[in-house]
Amino acid sequence: YKEKSQLKKLKTEGNLTRVAAVMNSTQSIPYEVDKRVYETAWELFTTNKGVAGLPIEQHKLPVAPDKGSDKSIIAAHLSQYYQTKQLNDSLIGRRFNTARTLTLAGEFKDLEKFYYPVYLDFRGRMYYSGDYLSPQGTDLSKAMLLFKSKKVIENDFFYFVHGANCYGADKLSYTARYNLIVSKKKEILSVADNPIKYQSLWINTDEPFSYLAFCLDCAKYLKNPTTYESGLRICSDASSSGLQILSLLLRDKEGCERTN
């Protein structure tokens, strides 16, 4: 009940109204399911493709060697057998989690909109309630969620940077990331046209389903850049949060400027 005592302290010594306002603002944001990302993921998952981070059903166990085989052959077989079995055991949980995530998305995909309540942990960090399909979930989970409220993209710089981050180019400069997406416009249009046929263009990226979601959205933007309204969630995170906190505590202006 540490959290309860912290809230009481915040109420008497801090500003609980401001915290509540931030929480209420966050949980008042409406979401919807990106149906094309869901449909693509469902097809790949149910056909047991084992791509884009989706777990396959099971690996085939190795066939036992003939009776009377050399001891070294039997030992090698047993080693391979137990390694495969261990891998299969780990796949059970991953398959369940993926299936549950897709099932929830399937249940929500025809809803006009839905919301996520939030809560604070003992550190004061805010999290979304609910498992599997969550804005803070896995790559697949995050990729299947769109903002219900749409906006015209007035400046596509960080929009393209987000796409490059999903692709796996997050260590490049912002300009290099932007130019990377510019160079891939033709590929993006192909992926959006047929994600399954052109899966080789996205399944091996750093965050495959988030990149797929970007391609599907970006293709619409490229075709109508002045009026297209996007609901894509643009993610941004600190790349050196430890140094940021240290710079903040030391009032180090230069350190703050050199970390993002």
Side-chain angles (χ1 to χ4, degrees), residues 25-26 29-41 44 51-54 101 105 113 116 118 125-128 133-195 198-241 244 258-260:
S25 175
T26 302
I29 298 172
Y31 290 87
E32 65 179 353
V33 170
D34 189 326
K35 293 183 179 180
R36 290 201 66 194
V37 174
Y38 162 75
E39 290 165 356
T40 302
L44 293 174
V51 297
L54 296 173
T101 301
K113 57 185 176 181
Y116 284 96
V118 299
R125 288 191 174 188
M126 187 165 61
Y127 291 95
Y128 292 94
L133 186 65
S134 166
Q136 293 173 317
T138 62
D139 170 50
L140 173 61
S141 174
K142 292 183 290 187
M144 289 193 292
L145 295 174
L146 291 171
F147 289 130
K148 179 64 179 179
S149 302
K150 309 293 193 294
K151 289 192 68 175
V152 171
I153 301 172
E154 298 177 357
N155 187 324
D156 62 13
F157 185 82
F158 281 105
Y159 178 70
F160 281 15
V161 167
H162 166 75
N165 290 341
C166 297
Y167 185 83
D170 54 309
K171 301 304 180 185
L172 300 179
S173 68
Y174 282 147
T175 301
R177 283 181 251 181
Y178 178 86
N179 291 334
L180 174 68
I181 296 301
V182 171
S183 70
K184 290 186 174 295
K185 287 182 178 180
K186 186 175 180 180
E187 292 184 5
I188 289 170
L189 292 172
S190 296
V191 170
D193 182 61
N194 193 327
Y198 295 101
Q199 61 183 274
S200 62
L201 298 177
W202 63 270
I203 60 172
N204 294 315
T205 58
D206 190 53
E207 297 178 341
F209 285 106
S210 293
Y211 184 66
L212 171 62
F214 169 76
C215 289
L216 296 175
D217 193 78
C218 186
K220 297 176 184 178
Y221 166 72
L222 293 175
K223 293 175 182 177
N224 200 355
T226 57
T227 59
Y228 172 64
E229 295 184 341
S230 172
L232 188 71
R233 299 169 57 245
I234 305 299
C235 299
S236 179
D237 198 2
S239 59
S240 52
S241 55
Q244 288 177 327
R258 290 181 177 272
T259 56
N260 63 353

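- The heavy-atom pair separating Ser183 from Leu180 by the smallest distance is OG-O, 2.6 Å.
- Atom SG of Cys215 sits about 8.5 Å away from atom CD of Glu187, to the nearest 0.5 Å.
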Stepwise, does the side chain to side chain contact (heavy atoms under 4.5 Å, CB included) test hold for Leu133 with Leu145?
CA-CA 8 Å; Leu133 186 65; Leu145 295 174; 4.1 Å; yes

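- For the atom pair CD of Gln199 and OG1 of Thr40, the computed distance is 9.5 Å after rounding to the nearest 0.5 Å.
- Residues Cys166 and Ser210 share a closest heavy-atom pair of SG-CB, 3.7 Å.
- Going from atom CZ of Phe147 over to atom OG of Ser230 covers 9.5 Å, rounded to the nearest 0.5 Å.
- The minimum heavy-atom distance between Leu201 and Thr205, with the atom names listed, is O-CG2, 4.2 Å.
- Smallest separation of non-hydrogen atoms from Ala52 and Pro208: O-CG, 3.5 Å.
- Here the side chains of Tyr211 and Ile188 are in contact, with some heavy-atom distance below 4.5 Å.
- Atom NZ of Lys150 has more than 12 heavy atoms from other residues, nucleotides or ligands within 6.0 Å.
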Between Asn165 and Glu207, is the side chain to side chain contact (heavy atoms under 4.5 Å, CB included) condition met? List the steps.
CA-CA 8 Å; Asn165 290 341; Glu207 297 178 341; 6.0 Å; no

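- Judged by distance alone, with hydrogens and angles left aside, the side-chain atoms of Asp206 form no donor-acceptor pair with the main-chain N or O of Tyr167 at under 3.5 Å.
- Considering only heavy atoms from C-beta on, Tyr127 comes within 4.5 Å of Gln136 through its side chain.
- The distance from the CG atom of Asp217 to the CD atom of Glu229 is 11.5 Å, given to the nearest 0.5 Å.
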I would like to know whether Tyr228 and Tyr221 meet ring pair (Phe, Tyr, Trp, His ring centres under 6.0 Å); could you show each step before the answer?
CA-CA 6 Å; Tyr228 172 64; Tyr221 166 72; 7.1 Å; no

Please report the C-alpha distance between Tyr178 and Phe158 in whole Å, then the side-chain angles of each, then the deciding distance to 0.1 Å, and finally whether the side chain to side chain contact (heavy atoms under 4.5 Å, CB included) criterion is met.
CA-CA 8 Å; Tyr178 178 86; Phe158 281 105; over 6 Å; no

Show the numbers, then the answer: is there a side chain to side chain contact (heavy atoms under 4.5 Å, CB included) between Phe214 and His162?
CA-CA 8 Å; Phe214 169 76; His162 166 75; 4.2 Å; yes

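- In this structure a side-chain-to-backbone donor-acceptor pair under 3.5 Å is missing from Tyr116 to Thr26.
- For Arg233 (side chain) and Leu146 (main-chain N/O), no donor-acceptor pair under 3.5 Å exists by modelled atom type.
- Side-chain contact between Val161 and Phe157 is present, with heavy atoms from C-beta onward closer than 4.5 Å.
- To the nearest 0.5 Å, the span separating SG on Cys218 from CD1 on Ile181 amounts to 7.0 Å.
- Here the side chains of Met144 and Thr101 are in contact, with some heavy-atom distance below 4.5 Å.
- At least one donor-acceptor pair closer than 3.5 Å links the side chain of Trp202 to the backbone N or O of Pro195.
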Should Asp193 and Ser190 be marked as a side chain to side chain donor-acceptor pair (under 3.5 Å) after you check the CA-CA gap, both sets of side-chain angles, and the distance that decides it?
CA-CA 5 Å; Asp193 182 61; Ser190 296; over 6 Å; no

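- Counting heavy atoms from C-beta outward, Lys185 and Phe160 have side chains that approach closer than 4.5 Å.
- Here the straight-line distance linking atom CG of Leu140 with atom CZ of Phe209 works out to 5.5 Å at 0.5 Å rounding.
- Between Lys148 and Glu32 there is a salt bridge, since at least one side-chain N of the basic residue sits less than 4.0 Å from a carboxylate O of the acidic one.
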